[in-house]
Amino acid sequence: TSPAVGIDDIAFATGANRIDLAELAGRFGVEPAKYYVGLGQSEMSVPAADEDIVTMAAAAAAPIIERHGSDRLRTVLFATESGIDQSKSAGVYVHRLLGLPQAVRVVELKQACYSATAALQFAAALVARNPEETVLVIASDVARYELHSNAEPTQGAGAVAMLVAADPAILELETATGVYTQDVMDFWRPNHSATAIVDGKLSISAYQDAIEGAWADYRSRGGADFSEVDHFCYHQPFTKMAIKAHRHLAKSLGSERTQEELDAQIEPTTGYNRRIGNSYTASVYLALLALLDGDDDLTGRRIAFLSYGSGAVAECFSGIVRPGYRSALRSDANRAQLDARTVVDDARYLQLLEDAASADVHDSDRPRETSAPFRFAGVVGDRRQYEPTS
Ligand code: CAA
């Protein structure tokens, strides 16, 4: 029989700063409740001037490499939709910052917020082929929309790193997966633009249609029944979206669960995304991390994942939580990381966004701000400079 394959370790990193969405509500002239309740978001992470998707990715992956070493590591899959180069994989910078062996392949994957799920499936296939090998999957994004648009309060920043291995300590992946693709212009970012373009209302219905399609495919390929799933981790562009999508899916399947029961299934997955904002590719795995770090003992429980990337591709798959998983977690450090962020007001946040936009196009020295293990030092002759902070 083939060995169990799945998530052996998982860690995250986010930006150095946070802004309370009440600050944005003030500028937009709306009640904070529109964001706190209507979107289910309380804060957004904002990167420091010397942070970006590479520094967050390296910070997320560093504790995993520290714990497991890199002797068995053969592949790094870097998922992002806010890439810093059109050609070179952001993962190659991470490879150097973490001191990984040269006998490791690195590649970047893109399909909006979905690509980390493709990376996870590709990683599982590589490990199934050779159970001695491990794969590092990293999802890292900075979400940017046009300032003063309705989408602005759904920005955010974060990275999740996962080690995929045989006989995993945290989650065994089940083999059934369901996929769905539909060419739809709900959200995209043309090459000339630093911010995404979004048709907000269309994006919500496209998300729900895609989830329904991916679920149907998952079921038709031997996936579990809705009633056999204990927890559901959805992509969370804002946490209310997961609640909306879960109610929608349950209704389409004729589930007899009450709205309260359905909402209670989602609530334990929202704690981190509610405070980080949209982290695009990382978001569905931050949902998993929040669930794992919660009080409930999840041993033996089935978790379904509903991953969505605009444009649009969705995938549904599931996994079973392994006995003893808690000893592989870093729950206290995870919560502390969220609290340690510096609180910024609206003026400082707008300044940080302006600085970040200029850093990407001009040669520049970035001020020393971050206390994360790695920093983006600036651009010299169109070459991005990354270095450890100590
Ligand atoms: N108290 C409580 N709730 C309030 C309120 C108040 N004072 N005022 C408004 N609300 C509620 C509204 O009723 C609404 O809730 P429902 O949809 O449940 O009815 C909610 O707050 C939001 O209000 P609006 O619909 O008026 O919000 P908006 O038009 O300003 O923008 C948005 C919302 C369309 C999501 C916008 O933020 C956006 O475009 N975001 C980016 C796109 C996005 O995240 N899409 C999600 C699916 S696509 C995807 O998942 C990929 C991805 O990562 C981008």
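All values below come from the heavy atoms of this structure, side chains included, with hydrogens, waters and symmetry mates left out. Atoms within a ligand are numbered from 1 in the order they appear, just like the ligands themselves.
In terms of modelled atom types and a separation under 3.5 Å, the side chain of Arg302 and the main chain of Glu228 share a donor-acceptor contact. Although no hydrogens or angles enter the test, the distance criterion places no donor-acceptor pair under 3.5 Å between the side chain of Asp263 and the main chain of Ile266. The backbone N or O of Phe376 sits nowhere less than 3.5 Å from a side-chain atom of Glu387 that would complete a donor-acceptor pair. Under the 3.5 Å distance criterion, the side-chain polar atoms of Tyr308 are left unmatched by any main-chain donor or acceptor of Cys113.
The salt bridge (charged side-chain N to carboxylate O under 4.0 Å, His left out) check on Arg335 picks up Asp332, with sequence neighbours excluded.
With a heavy-atom cut-off of 4.0 Å, Ala151 touches ligand 1 through backbone and side chain alike. Residue-level proximity to ligand 1 for Asn150 is carried by backbone and side chain together, each with a heavy atom below 4.0 angstrom. When non-hydrogen atoms are compared, ligand 1 lies under 4.0 Å from neither the backbone nor the side chain of Val30.
Listed by first and then second residue, the side-chain hydrogen bond (donor to acceptor under 3.5 Å, both in side chains) pairs that reach into residues 107-124 are Tyr114-Glu315, Thr117-Tyr285, Thr117-Ser307, Gln121-Glu315, sequence neighbours excluded.
Nearest to atom 42 (C) of ligand 1 among the protein's heavy atoms is Val198 CG2, 3.5 Å. Ranking the protein heavy atoms by distance from atom 22 (C) of ligand 1 puts Leu39 CD2, 4.0 Å first. The single protein non-hydrogen atom nearest to atom 39 (O) of ligand 1 is Gly200 CA, 3.5 Å, given as residue, atom name and distance. Given atom 35 (C) of ligand 1, the protein heavy atom at minimum distance is Phe238 CE2, 3.4 Å. In terms of protein heavy atoms, atom 14 (C) of ligand 1 is closest to Gly38 O, 4.5 Å. What sits closest to atom 23 (O) of ligand 1 on the protein, heavy atoms only, is Lys34 CE, 3.6 Å.
Taking every heavy atom of Phe187 and a limit of under 4.0 angstrom, the matching atoms of ligand 1 come to 54 (C). For ligand 1 and Ser203, the ligand atoms under 4.0 Å from any heavy atom of the residue are 42 (C), 43 (C), 45 (N), 46 (C), 47 (C), 48 (S). Which parts of ligand 1 touch Thr154 is read off a 4.0 Å heavy-atom cut-off, strictly below it: atoms 37 (O), 40 (N), 41 (C). Less than 4.0 angstrom separates some heavy atom of Tyr145 from each of these atoms of ligand 1: 41 (C), 54 (C). Less than 4.0 angstrom separates some heavy atom of Ser310 from each of these atoms of ligand 1: 48 (S), 49 (C), 51 (C). Applying the 4.0 Å criterion to heavy atoms of Ala33 picks out, from ligand 1, the atoms 1 (N), 2 (C), 3 (N), 6 (C).
Across Gly311 and Asp186, no two heavy atoms sit closer than the pair N-OD1, 2.9 Å. The nearest pair of heavy atoms linking Phe78 to Ser140 is CZ-CB, 3.8 Å.
When ring centroids are compared, Phe317 and Tyr218 stay outside the 6.0 Å threshold.
The closest heavy-atom contact to atom 16 (P) of ligand 1, among the options Lys244, Lys240, Glu31, comes from Lys244. One option in Lys201, His235, Gln208 has a heavy atom closer to atom 24 (P) of ligand 1 than any other, and that option is Lys201.
The protein does not reach atom 32 (C) of ligand 1 closely, with no heavy atom under 4.0 angstrom from it. Distance check on atom 44 (O) of ligand 1: some protein heavy atom falls below the 4.0 Å cut-off. Within the 4.0 Å cut-off (strictly below), no protein heavy atom is located near atom 12 (C) of ligand 1.
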**OP:** Test side chain to side chain contact (heavy atoms under 4.5 Å, CB included) on Ile53 and Val142 and set out the steps.
**Re:** CA-CA 7 Å; Ile53 59 161; Val142 178; 4.0 Å; yes
Subject >> Derivation and outcome, side chain to side chain contact (heavy atoms under 4.5 Å, CB included), residues Tyr145 and Gln155 >> reply: CA-CA 7 Å; Tyr145 297 98; Gln155 296 184 135; 3.8 Å; yes
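Remark: distances from the non-hydrogen atoms of Cys113 to ligand 1 include one below 4.0 Å.
A donor and an acceptor atom, one from each side chain of Tyr272 and Arg274, are nowhere located under 3.5 Å apart.
Ring planes of Tyr93 and Tyr386: tilted class, angle from 30 to 60°.
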